[in-house]
Asker: 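Submitted below is the structure of interest, expressed as structure tokens.
All of these numbers come straight from a predicted model, not from anything done at the bench. Order of the sequence lines fixes the chain letters, A, B, ..., with proteins taken first and strands second; residue numbering starts at 1 for each chain.
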Amino acid sequence: MTRTTASTMAKPTYREFKQLNLAEIDQEILAFWKERNTFQQSIDQRDPEHSFVFYEGPPSANGKPGIHHVMARTVKDLFCRYNTLKGYRVERKGGWDTHGLPVELQVEKELGITKEDIGKSITVDQYNAACRSTVLRYKDLWDDITRKMGYWVDLEHPYITFDNHYIESCWHLLRTLYDKRTPAGDSFLYKGFTIQPFSPAAGTGLSSHELNLPGCYKEVTDISAIAMFKVRREDRSAFLFEDEQEDVRILAWTTTPWTLPSNVALTVGPKINYVKVRTVSPYTGDPVSLVLAQDRLSAYFDPAGEGQPIDAYAPSDKILPYALAGTWTGNDLVGLRYEQLLPYVTSPDLEERGFRVIPGDFVTTEDGTGVVHTAPYFGADDFRACVANDVPFIGIPDDRGVIQPLVDRQGRFVDEMGEFAGMYVKPEYYPDDVRSQKDFKPTDLLIALKLKDDNKAFKIEKYKHNYPHCWRTDKPVLYYPLDSWFIRASAAKERMAELNRTINWKPAHTGTGRFGVWLQNLQDWNLSRTRYWGIPLPIWRTEDGDLEICIGSIEQLQKEIDMANKVLKLDQHVPNDLHRPYIDEIILVSHDGRPMHREADLIDVWFDSGSMPYAQWHYPFENEETFRRNYPADFIAEGVDQTRGWFYTLHAIATMCFDSVAYKNVVSNGLVLDKEGNKMSKSKGNVVDPFETINTYGADATRWYMMANADPWENLKFDEAGLLEVRNKYFGTLFNTYNFFALYANLDGFVNTSDDQVPYADRPELDRWILSKLHSLVRDVRRHFDDYEPTKALRALENFVDRHLSNWYVRLARRRFWRGEMSEDKRSAYQTLYECLMVVAQLSAPAAPFFSDWLYQNLTRSATDAGQPDSVHLTDLYEADTQRIDTDLETRMEYAQRICSLALSIRKREKLRVRLPLQKVMLPVLDSSFIQQVDGVKDLILSEINVKAIEYVTDADGLLVKQAKANFKTLGKRLGKDMKAAADQIAAFSNEQINALEANGSLALTINGVEHAITPEDLVITTEDLPGWKTASEEGLTVALDVHLTDELLAEGTARDLVNRIQNQRKEQDFDVTDRIRIRIQDEDHIRSAVAAFGQHIQEETLADALVVEARVTEGIQVELSDELTAIIHVERV
RNA sequence: AGUCUCGUAGCUCAGUUGGUUAGAGCGCUACACUGAUAAUGUAGAGGUCGGCAGUUCAAAUCUGCCCGAGACUACCA
């Protein structure tokens, strides 16, 4: 045997490795990418007009990156790399989100200040400077994780939301909205007020985010009151009254009695049934008729009281006497007017249009009375209901005639509130020393007591419920009307829903469900934030608010400043920094010559990030062409928590400003939890450090695990054991397969080139099979990636590498690599395995960019066809060659695998080791194509299970015992109820009946007197075990082994055992794979017969120049050949 | 509180338009195999498919209610 060995070659073509070290591979490939500028190349080599557009949702760099960022960014990177391979130009501009509350909070914490200090102990200027310096604090850490995890994104030229250019683009969008009109002529950017959470103690409004901070909702005990609202007697209400004296009142419940003086309406559910009961007022005993929801009656009236005489009641009695006196729907009650409950403040307008019953969908009968006391300034639902029903607000008009609430911004009743004037509406707002006084009574209680005294209370009691508190002052929040600037998103909601239906959501239910429902109930977007560090609202107004201007560009600002300078005799310039406080100092002028000041608000940071498609390019002031090519996005991805965040703001701005979607495909990934399924949090100490994980297991194992373990939109229970499994199972197997290839390719001097490929048709069955599987894999993986189904794609790859490539192809083809000299068969094996490795490297590249590139480079670097790219990420994705997908062949091989598996299980059961050859295997045949199929893979089966021959057993042999089972799928539809009886009959079919059915193609079955025609398709036929044989079967396939042993078979078995033990010796003694040896074996009967018959074979297999059997081999080693047999062997190098 | 998602072996997950023995990997036990060896094969143990009811000849799969987990939205008076 002549063979070029590694030692005689100058340099092996393919690198070989001792063991897999993914972290080391990361380093090697990172250095390579850096040196060759591979990322940039992968973009530059593609045509700008053939682009796949990706938007990076900007992270905030004032916090450290966590493992969940690795998750989100793996999804992003994967599809960007995949589409790059497909030939698209995928530009990936990075970005930083720099504004917002978390930044302010962190600064305040570090400086030890609160909002109250701003403008006092610290200037806005200093405060904002502190914010600016902190927002990119962890940029280095972020850059580092980005690089280490292999996330390709352009961090050299990121967009930054605090940048003047970025702000200018946002201003342009705001101006666009300001100019845009609804059909009714309303602007899309307007000032209005809504009911918002407000903390009087802190003097500031709170965002919903602040309200969702942990611990904000606390269980508190408040005083609740059911008030009795006296119905006015007039034509409209006549139906409620039975006689002149009747006192009819509507019951309404509240947990905030302090809002009762502000009551202007009672809201009922239009479809809810209401009853009138004649009863008494519990506190006074006066007769009264009460209206409440029928469903709530039993909550307040004990049935024992029904029909009891009313005049017998005394105020201390437990049971109220009552009598039902009519039922109406809410609709019937709508329009009824009632007397104001606590008439401190009123107006002619209110008397005219207020104090009446209105309808509302939000009313339920779960608690209360089914009637909602409605105070528009102190409840969002109340406010909407009043606006919708044209009920005026109650309050005191200010200088400009705007009606102000009866509670001021400190949380106190206004002066007009009589004996309540100046009282805080919540006890917590009083100083502690006041509250701790003995006779202190909360305002709620005082109001309740007044109602009681006035005979306006039905019931007063304590009530426990959850109520939001200000996270800063720990005092209860008030819902309070606040001025705000709004984007009229509700006017575009139909169009948003329409465009949303064209977006491909992953998973789909996020788009149709969570996002779709959200769009249906869309409210206007509250843009205002009363803060310091953010994009200033570019609107200037005169003091009375009559005239205003919205600035849409620096150029326009310059012009307006010039004009103001001229008219107002000022010397102002466009500030170098568009943030507060500089922008606040700018005074513009109205066309009638009055000064205009900037509205003090900043805009919601979500507007910043939703503007990124435009602002990242400073559109429309620059880069118009770049913008056009990069809009809208083909693909974005973020966590599912962004559904109402970034996903929404992108969509809203695109719809309103451009009548377009902002993205066509969107993947929302789930949360990363710890392995128990708990949320990761610093306080629990279960946070996974992404740097540590990547250093230990490598970036690829981390990425692969996250994508393959479960769909990315499911929550991931992050478990390190899973990383280890991925490392061993996928990368380990692939590594072994490559190393195997490299070892023998180097020995044989094999180099893969495109010009001497063995023609496909000439390749052996096994090669054509794995190639068929490979091209099926290409097709499947492409389809899954195209569908944004990374998990399915990766699992297909895992299945291929593990089951097909490693455990079948390489195992069966192994001998072809190490036996003999280079031949066409051998070359075919090398080329086939090479192709598999190359394609797998490429298909894995989007998910595992490091290992894949390493594998690709090992396969190509020193032995490459000219012009081959130097990185897998610069290649063009393979197309599935459908010519090579041979489903017949795949079926054949599946037969082979299953037959082998069954045969091996018989060997195991019968304790017949695989090295012991057997005479034959028998296969019962049920259809003719079976023989043809199995014959195609006959040799593989025989060698794999070490059997000499296959014998097919057909009907004609008279050995087959068939068993029929009903095919429920075909029969069930036709037979319905008779199915069970039919199944029983079919199961009892004899061989003859089955054969008759097969011969005639039909059979009549009588069930319950009805005849049904049965065809062969209606049966599933299997064979029972062959009598007298050792058999195994599963799912219609039966295998029988001839276990009869001859001397020759035994000798051959022993010979094989000897080969194996000798090979083990070679290995233990560290012989080179090509070393020649000399063997001596101690004489025994079984040894002698084995060597006599198979000595030649043993020598060939073990590269032995000599094989001698001696009476005594003293220096030999004793080895066990089987349970009974041993041998003493000595092996030495020649 | 509402909306949505999820609940299948000890763990992580598959399970097609409903079809009769509910699968895989990991882990565990036993035995093999190995010139790829931190692998691999075979066999075994391990399931009231969250619970209850319904539709159907037939339900892990469809419907309703309930329980549990999570996310989002929430002052429902």
Asker: Separation of Arg795(A) atom CZ from G23(B) atom C1', in whole Å?
Answerer: 13 Å
Asker: side-chain hydrogen bond (donor to acceptor under 3.5 Å, both in side chains) with Arg803(A): which residues, sequence neighbours excluded?
Answerer: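 side-chain hydrogen bond (donor to acceptor under 3.5 Å, both in side chains) list for Arg803(A), sorted by chain: empty.
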Asker: Mind checking side-chain hydrogen bond (donor to acceptor under 3.5 Å, both in side chains) for Thr791(A) and listing every partner two or more places apart, or none if nothing turns up?
Answerer: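 Expected list: Asp711(A).
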Asker: Check every atom of G70(B), U17(B), A36(B) against the side chain of Arg814(A) and return the nucleotide holding the closest atom.
Answerer: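 Shortest atom-to-atom distance from the side chain points to A36(B).
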Asker: What residue pairs, at least two apart or across chains, pass salt bridge (Lys or Arg N to Asp or Glu O under 4.0 Å) with a residue in residues 715-733 of chain A?
Answerer: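 The answer is Lys729(A)-Asp802(A).
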Asker: Among all residues two or more places apart in sequence or in another chain, which pass the side-chain contact (heavy atoms from CB on, under 4.5 Å) test with Ala708(A)?
Answerer: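 So Ala708(A) forms a side-chain contact (heavy atoms from CB on, under 4.5 Å) with Trp704(A), Leu794(A), Glu798(A).
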Asker: Extract the stems that RNA chain B is part of, considering only consecutive pairing runs of at least three Watson-Crick or G-U wobble pairs, both distances under 3.5 Å.
Answerer: B:1-7 with B:67-73, B:10-13 with B:23-26, B:28-32 with B:40-44, B:50-54 with B:62-66
Asker: What's the NZ-P distance between Lys969(A) and U56(B), to the nearest Å?
Answerer: 21 Å
Asker: Taking the six-membered ring for Trp, is the centroid-to-centroid distance between Trp606(A) and Phe647(A) below 6.0 Å?
Answerer: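 That pair fails the under 6.0 Å test.
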Asker: Could you state the atom-to-atom distance from CG of Asp711(A) to C1' of A14(B) in whole Å?
Answerer: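 After rounding, the gap between these two atoms is 11 Å.
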Asker: Salt bridge (Lys or Arg N to Asp or Glu O under 4.0 Å), that's the test. Do Glu944(A) and Arg811(A) meet it? Break it down for me.
Answerer: CA-CA 9 Å; Glu944(A) 182 66 9; Arg811(A) 199 151 63 89; 2.6 Å; yes
Asker: Summarise how protein sits on nucleotides 38-45 of chain B as a single string, 5' to 3': B when a protein heavy atom is under 4.0 Å from the base, S for sugar-phosphate-only contact, - for no contact.
Answerer: B-S-BS--
